[in-house]
Amino acid sequence: MDLSEPNARLRPMTDLPCDLARDIAACTLCHARFTATATAHAPRPVVWFRPGARLLIAGQAPGMRVHLSGRPFDDPSGDRLRDWLGLSRDEFYDRDRVAIVPMAFCFPGYDAKGADLPPPPVCARTWHGQVMDRLGRIGLRILVGGHAHRWHLGSRAPVTQTVADWRARAPGVFPLPHPSWRNTAWLRKNPWFAAEVLPALRAAVRRVMDDRPDPA
Ligand code: SF4
């Protein structure tokens, strides 16, 4: 597949719910930046939200698999995240209830070691606030990884510390580590995450998915 093809030729931009989503899907602000990476790919924003969704998943940026499929978290990281949240694939991809809004909508490319580059800051500067305004009545924000922690919490604390402080923000906000396989050692080293955070997270997700109020 020629990754330098314009996005519209590979994946027609259908089913986009509003003018803002269509504007993001057509964005090419990072064209020069991506062309300079090893994959020399064209911008291909993965846009997955509808105004009115109650649960926000603020992620980092698509990886290569998602870049090709056009579906967010359609990869092993997504399988682990769905397990953490207690959501089936059908629920996770129900845009009437779940908005998936990363800190960059496009795959950023790889660094010299083959790891994904960080999300280009211009994306969050340009789009993230606009999407948050458009979403409106979010009942639960799930912040996946340090970039989302920084934008939503204004915190520059290390990810482990931010996640460990989860009780200070629950049940309306849960900062999480990234569910990538690269964090498997982190999960082993921090068993409190599975033992304490995940049960509370799943209960909060279920309440919002079922549109029930938080307990007093
Ligand atoms: S990453 Fe964001 S700002 Fe850059 S081209 Fe994609 S949508 Fe545009």
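As the structure lists them, so they are numbered: ligands from 1, and atoms in each ligand from 1.
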So CH2 of Trp127 and CZ of Arg134: to nearest 0.5 Å the spacing works out to 10.5 Å
Counting only protein N, O or S atoms and ignoring waters, those under 2.8 Å from atom 2 (Fe) of ligand 1 are Cys123 SG
Let me check something: any side-chain donor-acceptor pairs from residues 160-175 under 3.5 Å, sequence neighbours excluded? List them with distances.
residue	atom	partner	partner atom	Å
Thr160	OG1	Trp186	NE1	2.7
Thr162	OG1	Pro158	O	3.1
Arg167	NH2	Glu196	OE1	3.2

Apply side chain to side chain contact (heavy atoms under 4.5 Å, CB included) to Cys30 and list each qualifying residue two or more places apart in sequence or on a separate chain.
-> Arg33, Phe34, Pro120, Val122
Got a salt bridge between Arg97 and Asp94, using NZ or NE/NH1/NH2 to carboxylate O under 4.0 Å?
-> yes
Under the ring-ring contact (aromatic ring centres under 6.0 Å, His included) test, residues paired with Phe105 that sit two or more places apart = none
Is His149 reaching over with its side chain to a backbone N or O of Leu176, donor-acceptor style, under 3.5 angstrom?
-> yes
